[in-house]
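What follows is one structure encoded as structure tokens, with my remarks underneath.
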Amino acid sequence: GAVVSQHPSWVICKSGTSVKIECRSLDFQATTMFWYRQFPKQSLMLMATSNEGSKATYEQGVEKDKFLINHASLTLSTLTVTSAHPEDSSFYICSARRTSGRGSDYEQYFGPGTRLTVT
Amino acid sequence: AQSVSQHNHHVILSEAASLELGCNYSYGGTVNLFWYVQYPGQHLQLLLKYFSGDPLVKGIKGFEAEFIKSKFSFNLRKPSVQWSDTAEYFCAVNAKTGRRALTFGSGTRLQVQP
């Protein structure tokens with residue numbers, strides 16, 4: 001159990017276009033999902049916290065108008081990179097926290113990531 | 001805000017050698033502690049976690065970690081590494097309250113030579 005999927009796994013887009021990345025919890029409900037960004041050979045940096053039914057909480061320095069997050073249901077959060085530029089090229093990883101169950105408050109389950117390349 | 005330091009950026013070991021990767025955290029409250037592994041081309045997998053109780057926790061694949069509260073440390077150990085342990089290892093913490101977002105260390109690249 002506790003599987004998180006991301007779609008697409010990789011995407012190449014042209015500069016100026018928008019890209020939507022989906023994060024789904026397949027076998028559990030997740031009130032909270034997190035979006036991270038990982039540059040090559042570096043650690044994961046938290047971008048924002050996605051809350052079901054309410055606005056996302058963005059970390060300092062992350063442009064909320066550029067990285068639109070929607071958490072429309074207990075199993076789906078989407079990250080839309082608007083007007084993408086080459087510097088947005090990165091590995092985007094989501095994680096989901098169980099809504100209920102033992103240890104539900106603490107543990108996160110990670111998706112496989114989405115590699116975005118902006119040309 | 002919490003922070004996590006991993007002092008070893010790149011570790012090279014021979015098979016059967018013992019491993020210890022350091023992790024120190026900084027936070028004013030109580031935390032949960034995690035070690036994740038990322039094999040080449042794969043996604044993050046949880047190795048082990050500490051929420052409370054016995055400070056010595058055992059994880060998958062023969063890994064263990066010890067939480068030493070007085071030192072704010074959560075070092076990862078394995079008595080005998082294998083070539084298949086070659087991967088990136090991340091220490092992470094989150095607070096027991098609030099959003100519980102994870103803060104990751106910078107990662108340690110482990111290279112095990114056959």
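Computed from a predicted structure; not experimentally measured. We name chains A, B, ... by the order of the sequence lines, and we start the count at 1 in each one.
- With rounding to the nearest 0.5 angstrom, the OG atom of A:Ser43 is 12.0 Å from the OH atom of B:Tyr36.
- With a 4.5 Å cut-off on non-hydrogen atoms, B:Leu46 touches chain A through its side chain but not through its backbone.
- One hydrophobic cluster holds both B:Leu13 and B:Trp35 under the rule that ILVMFWY side chains link at heavy-atom gaps under 4.5 Å.
- Using a 4.5 Å heavy-atom threshold, the side chains of A:Phe110 and B:Leu102 count as touching.
- Among the residues in residues 48-64 of chain A, those with a non-hydrogen atom closer than 4.5 angstrom to a non-hydrogen atom of chain B are A:Thr49, A:Thr57, A:Glu59.
- Closest approach of A:Tyr36 and B:Ala101 over heavy atoms only: OH-C, 4.4 Å.
- Linking Ile, Leu, Val, Met, Phe, Trp and Tyr residues whenever their side-chain heavy atoms come within less than 4.5 Å leaves A:Val81 and A:Leu46 in two separate clusters.
- Interatomic distance, A:Cys94 SG to B:His43 NE2, rounded to the nearest 0.5 Å: 10.5 Å.
- B:Phe104 CZ to A:Met45 CE: the interatomic distance, rounded to the nearest 0.5 Å, is 11.0 Å.
- By a heavy-atom distance cut of under 4.5 Å, B:Gly105, B:Ser106 are the residues of residues 105-114 of chain B near chain A, going up by number.
- When hydrophobic clusters are built by joining Ile, Leu, Val, Met, Phe, Trp and Tyr residues whose side-chain heavy atoms come closer than 4.5 Å, directly or via intermediates, B:Tyr89 is grouped together with B:Val93.
- If you chain together hydrophobic residues whose side chains sit under 4.5 Å apart, B:Val37 and B:Leu44 never meet in one group.
- Close approach to chain B, defined as a heavy atom under 4.5 Å from one of its heavy atoms, is seen in no residue of residues 5-26 of chain A.
- The hydrophobic clustering, which links ILVMFWY residues whose side-chain heavy atoms are closer than 4.5 Å, places B:Leu76 and B:Val57 together.
- Of the two parts of A:Leu44, the backbone and the side chain both hold a non-hydrogen atom closer than 4.5 Å to a non-hydrogen atom of chain B.
- The two residues B:Gln38 and A:Phe91 have their closest heavy-atom pair at NE2-CE2, 4.3 Å.
- Here the CD atom belonging to B:Glu88 is positioned 10.5 Å from the CD atom belonging to A:Gln42, to the nearest 0.5 angstrom.
- Distance check, rounded to the nearest 0.5 Å: CZ of A:Arg97 to CG of B:Asn94 gives 8.5 Å.
- Proximity to chain B among residues 111-119 of chain A is limited to A:Gly111, A:Pro112, judged by heavy-atom separations below 4.5 angstrom.
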